[in-house]
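Worksheet: the structure to be examined is printed underneath.
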Amino acid sequence: MKLKSEINCIIKEAFQKAGIEIQTVMVTEATKPEFGDFQFNGIMALAKTLKQNPRELAQKLLPHIDLTGAIAKAEVAGPGFINVWLHPSWVARKCEEALQDKRLGVAKHENPIKVVVDYSGPNMAKQMHVGHLRSTIIGDTVANLLVYLGDEVIRQNHIGDWGTQFGMLIAYLEEQGSSGSGSLKDLEQFYKEAKVRFDTDISFANKAREYVVKIQSGDQHCLNLWQKFIDISLGHCEDVYGKLCIKLTREDVKAESFYNEDLPNVIEDLIAQGLLKESDGAQCVFLEGEEIPVIVQKGDGGYLYATTDLAALRYRANVLGAKRICYVVDARQSEHFRQVFTVAKESGFVSKEVRLEHVAFGTMMDKSGRPFKTRDGGTVKLVDLLDEAVIRAKESIKDKENLEPEELENLAKIIGIGAVKYADLSINRESNYVFDWDKMLSFEGNTSLYMQYAYARIQSIFRRFGKEIKRRIVIGDEIEHRLGVMLLRFEDMLYRAAEDTAPHHITGYLYELAALFTRFYEQNPILKEEVCEETQMSRLALAQLTGRTIKEGLDILGIEVVDKI
RNA sequence: GCGUUCGUAGCUCAGCUGGAUAGAGCACUCGCCUUCUAAGCGAGCGGUCUCAGGUUCGAAUCCUGACGGACGUACCA
C-alpha cells in the first residue's frame, strides 16, 4: 500500500478542482498525533510563489478535498499547514487487504532493474575480521531489500585473492604438504608462521617470490596450490556467512583475479580514449579540477585496484547488464570511488544512465570511542566476535534452566547474531558506530531483542487462542488507529530505504511499530472474557498483521524471529 | 596545507522536499502485575541543535566564516 501516494493523489485532485496549479504534492507523517495522521506543508511555499496569503490559499483548497475515500477530515492549521485525518474504516479495510496478501500489500517495482550489490569482499590472505562486518551486514540487507522490492539483484563478492603475499602463503602451504590443510584451520596463525619463515629463511623468501612470478605467468602447479589455498580460505568465510545468516554463495564470488585478463585492455582502451597520461613513470588519468590523478598502472607495469575496479565496473554494466551498482565499502574510500566512477563514465566504460553508488559506512568503534581492537591492539576475528555474541546472549536469557540444551543454543544464536546485526543496521550507516555489547543485547530501546520480544508475545496470543481468526478489522480507538496507519506505512518505508540504501529506516520503522503495538497490547485486552467477539477478532487481526510485518522487516535485515522467548 | 565528512539532552542516536512547542532509548525520580510474556507500560527530569553571521514569513536542516573531531591526500587494497 503506497499510502502517501494515495493521499498525495487526493490532494493533487483537490488542487485541480480548485484551479490551482502545483507541481508535486508530498505529504509527510504528522509531527504530532494532535495534527492528524499526515500533514501537507507545501501550501506555504506555493503561497510564496503565487504571492498569496497561505492560510487563504489553504482555505480555498480545503472544500475540494475528497472526504469519501481515505481522508476523513482535513484542517488548516498554523501558518498554512493542512492536517489530514484518515478514515478509521478505510484504514481498517486496507489493513484487512494487507492481511490477505502474502506480501502484506507491498507491490514490486513496476520497472524492475538489474542491480549489482558489491559487498563483504574479504581478503583471502587473512581471516575475516571486524573490518568486514559492516560491509557484509549492510550489503546483505541492501540486497535482500532490493530483491524484496522486485529488482533483479546480482550479489558480488569481490574477494581479494591476488597479490604478492600469496606467493609466501603458497610457498608455505607447499612446504607443509598434506598437513598444510590442517594448519590452515587458523589462517591468522598460518600467515604468521609463513611470515616468520619468509623473514628468517632467505631460500624460502626467494621461493616465495618465485611463486608470485609463477602464478602470474600461469604456471599450472602453482595455480593449483593457489586455488587450493583460496578454497580453504573461502571456506572460512562461508563459516562466518553461515553464522551470520548472510546469503552470499560461491556463485556470487567474482574475485579480483577474475579481471586479470582484462586489465591490459582497460589500459589500452583508456589510451584509445585519450585519457591516459604518463606521470613519474605511472599511467594516470587526470580528472578535471582534481590534483591527484587516478593511477591505473604503476611504473613497474603492475596494475592497481583502480584498474581492477574499472574492469569490474564495465563487466557489471556491460556483461551483467546492471543499471544500478552499489558498492558497500568503508567511507574512507569515498574519494577513490568518486574518481573511479568518474573515469568509468568519461571513458564510456559505463553508460551515463547507470547509477553508480558508493554505499559508504563509518568505522566501528569501541565504547571508549577508539577503533575496535583486541586488548593487545590486534584485529578482532569475526568468528570470535560472533561466538562471543552467542555466549553473551545465552547468559542473558532469563529462564535458561527451563530450556532444553538445543533449544537454548538455538535461541542464543538467534538473539546474539540478531543483536550484532541489528545494532549495526539501526544507525545511520555513514557515521561511525559504537559497538556496545550491553546496549545491543538489551531488551530496551531500539534493539533486535525488543522486536523479537514483541513478536514472541504476539505468537503467544495465537498459541492461546488456537483457532483461525476472521480477518475483520474495526478500528476502535486512537491507539488502534495509529497502529493501523503505521502498518500501512510499511511499503512507503521500504521504498524509501531502498532509494536511500538506508537500512536504518527499516529498523526505525520496526521499532516505532513494535513500541506502538506494545502500548496497544497493554491497553487493549484481546483474549479476556469481557472482550466481545467482534473486538477480539479485530484486535487479533491487528496483532497478526503486526507480527507478520515485524517478521518480514526483520527477514529483510537477515534477522530471525522465535515464537517463544 | 588542501579535500571529504561530522558536531543535536550526561551517554548512544533519530529528525525525510527548509515548517508548528527539536524527538527516542539509556541513566536518574515516581507510578502500574490475583487478568493475553512486567525482559513490559505510563509519568517526570534533562536542549542557547558547537559558535558567529547571512538567505526568509519560517533554519538543527540552505550559504559563508570560525572552532573542535574523524578520515583521505599519486604508484597498498
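Remember, it's a predicted structure, so these values are computed and weren't measured experimentally. In what follows, chains are A, B, ... by sequence order, proteins preceding strands, each numbered from 1. Both backbone and side-chain heavy atoms feed into the values below; hydrogens, waters and symmetry mates do not.
In this structure, Phe35(A) packs face-to-face on the six-membered ring of A20(B), meeting both the 5.5 Å centre cutoff and the 30° plane limit. Judged by centroid separation below 5.5 Å and plane tilt below 30°, Phe81(A) stacks onto the base of A20(B).
Between the side chain of Lys32(A) and the base of G23(B), no donor-acceptor pair under 3.5 Å is found. The base of A77(B) does not come close enough to the side chain of Asp309(A) for any donor and acceptor atom to sit less than 3.5 Å apart. Within 3.5 Å, no donor on the side chain of Glu522(A) pairs with an acceptor on the base of A38(B), nor the reverse.
Residue Arg519(A) places at least one side-chain N or O closer than 4.0 Å to OP1 or OP2 of G42(B). Residue Lys398(A) places at least one side-chain N or O under 4.0 Å from the OP1 or OP2 atom of A39(B). Listed pair Lys367(A) / U12(B) fails the phosphate criterion, with no side-chain N or O lying under 4.0 Å from OP1 or OP2. Between A39(B) and Arg457(A), no contact under 4.0 Å exists linking OP1 or OP2 to a side-chain N or O. When the side-chain nitrogen and oxygen atoms of His504(A) are compared with OP1 and OP2 of G15(B), one or more of them lie within a distance under 4.0 Å. Proximity of Tyr450(A) to the phosphate of C41(B): a side-chain N or O atom is located under 4.0 Å from OP1 or OP2.
Heavy atoms of Glu29(A) sit under 4.0 angstrom from at least one base atom. Ala515(A) comes within 4.0 angstrom of nothing in the nucleic acid, heavy atoms only. Using a 4.0 Å heavy-atom criterion, one finds that Gly508(A) contacts no nucleic acid atom at all. Within the nucleic acid shown, Glu256(A) comes within 4.0 Å of sugar-phosphate atoms alone, with no base atom in reach, counting heavy atoms only. Counting non-hydrogen atoms under 4.0 angstrom, Glu290(A) reaches nothing in the nucleic acid. Asn524(A) comes within contact range of at least one nucleobase, with a heavy-atom separation under 4.0 Å. Contact annotation for Ser442(A): no contact, since no heavy-atom pair falls under 4.0 Å across all strands. The residue Ser396(A) sits close to a base: some heavy atom pair falls under 4.0 Å. Nucleic acid contact for Ile397(A): base, since at least one base atom lies under 4.0 Å from a heavy atom of the residue. Across all strands shown, Asp436(A) has no heavy atoms under 4.0 Å from either base or sugar-phosphate atoms. Base engagement by Asp563(A) is indicated by at least one non-hydrogen atom pair under 4.0 Å involving a base atom. Using a 4.0 Å heavy-atom criterion, one finds that Thr518(A) contacts the sugar-phosphate atoms exclusively. Residue Ala77(A) is in base contact, counting any heavy-atom pair closer than 4.0 Å across all strands shown. Counting any heavy atom pair closer than 4.0 Å across all strands shown, Arg496(A) reaches a base atom.
You'll find the ring centres of Phe35(A) and Phe81(A) outside the 6.0 Å limit. Proximity of the aromatic rings of His336(A) and Tyr305(A) is defined here by a centroid distance below 6.0 angstrom, and this criterion is met.
Two residues, Glu430(A) and Arg464(A), neighbour RNA chain B, and the one matched to the more 5' nucleotide by heavy-atom proximity is Glu430(A). Both Met26(A) and Tyr305(A) lie close to RNA chain B; mapped to their nearest nucleotides by heavy-atom distance, the more 5′-ward contact belongs to Met26(A).
Gln39(A) has its CD atom 7 Å from the P atom of A20(B), to the nearest Å. Atom P of nucleotide A39(B) and atom CG of Asn402(A) are separated by 14 Å, given to the nearest angstrom. Nucleotide C75(B) holds its P atom 12 Å from the CD atom of Gln339(A), rounded to whole Å. Between Asp161(A) atom CG and A77(B) atom P the separation is 13 Å, expressed in whole Å. At whole-Å resolution of the value, CG in Asn432(A) and C1' in G69(B) are 10 Å apart. Tyr511(A) places its OH atom 10 Å from the P atom of G40(B), with the value rounded to the nearest Å. Rounding to whole angstrom units, CD of residue Glu444(A) and C1' of C26(B) are separated by 8 Å. Atom pair Phe286(A):CZ and C75(B):C1' shows a separation of 11 Å (rounding to whole Å applied).
Comparing C11(B) with C71(B), their C1' atoms are spaced 24 Å from each other, to the whole Å. G10(B) and G53(B) are spaced 23 Å apart, taking the P atom of each and rounding to whole Å. For the C1' atoms, the distance linking U50(B) with A43(B) amounts to 32 Å, nearest Å. Atom name C1', nucleotides C13(B) and U17(B): the rounded distance is 23 Å, in whole Å. If you take atom C1' in A52(B) and the same atom in A59(B), they sit 15 Å apart, rounded to whole Å. Across G69(B) and U8(B), the matching P atoms stand 14 Å from one another, rounded to whole Å. Of the C1' atoms belonging to G44(B) and C26(B), the separation is 16 Å, rounded to the nearest Å. Distance check on atom C1': A9(B) versus A14(B) gives 13 Å, rounded to whole Å.
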Could you walk me through whether His158(A) and Tyr259(A) pass ring pair (Phe, Tyr, Trp, His ring centres under 6.0 Å), step by step?
CA-CA 10 Å; His158(A) 190 83; Tyr259(A) 302 99; 5.7 Å; yes
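Among Ile267(A), Asn260(A), Thr308(A), Leu310(A), the one residue that satisfies the side chain to side chain contact (heavy atoms under 4.5 Å, CB included) test with Tyr303(A) is Ile267(A).
The aromatic rings of Trp437(A) and Phe435(A) stand perpendicular to each other, their planes meeting at an angle above 60°, with 30° marking the opposite boundary. The aromatic rings of Trp162(A) and Trp226(A) sit perpendicular to each other, their planes meeting at more than 60°, with 30° as the lower class boundary.
Side chains of Arg457(A) and Thr518(A): a donor-acceptor N/O pair is absent below 3.5 angstrom, by distance only. For the residue pair Tyr422(A)/Asn446(A), the side-chain donor-acceptor check at 3.5 Å is satisfied.
Considering only the side chain of Gln333(A), A77(B) comes nearest among C75(B), A77(B), U17(B). Checking G40(B), C13(B), U37(B) against every side-chain atom of Ile427(A), the shortest atom distance belongs to C13(B). In this structure, the nucleotide among C75(B), C57(B), A39(B) sitting nearest to the side chain of Phe443(A) is A39(B).
Residues from residues 125-134 of chain A that place a heavy atom under 4.0 Å from any atom of RNA chain B: there are none.
With respect to Lys4(A) and Glu29(A), a salt bridge is recorded, a charged nitrogen being found less than 4.0 Å from a carboxylate O.
A 3.5 Å limit on both hydrogen-bonding distances identifies C51(B) as the Watson-Crick or G-U partner of G65(B). Across all strands shown, the partner of A24(B) is U12(B), judged by Watson-Crick or G-U wobble contacts whose two distances both fall under 3.5 Å.
Counting only distance, with no hydrogens or angles, the side chain of Gln283(A) and the backbone of Val296(A) share no donor-acceptor pair below 3.5 Å. Here the side chain of Lys12(A) pairs a donor or acceptor atom with the backbone of Gln23(A) at under 3.5 angstrom.
Within the cation-pi definition used here (under 6.0 Å to the ring centroid, within 45° of the axis), Lys254(A) does not qualify as a partner of Tyr315(A).
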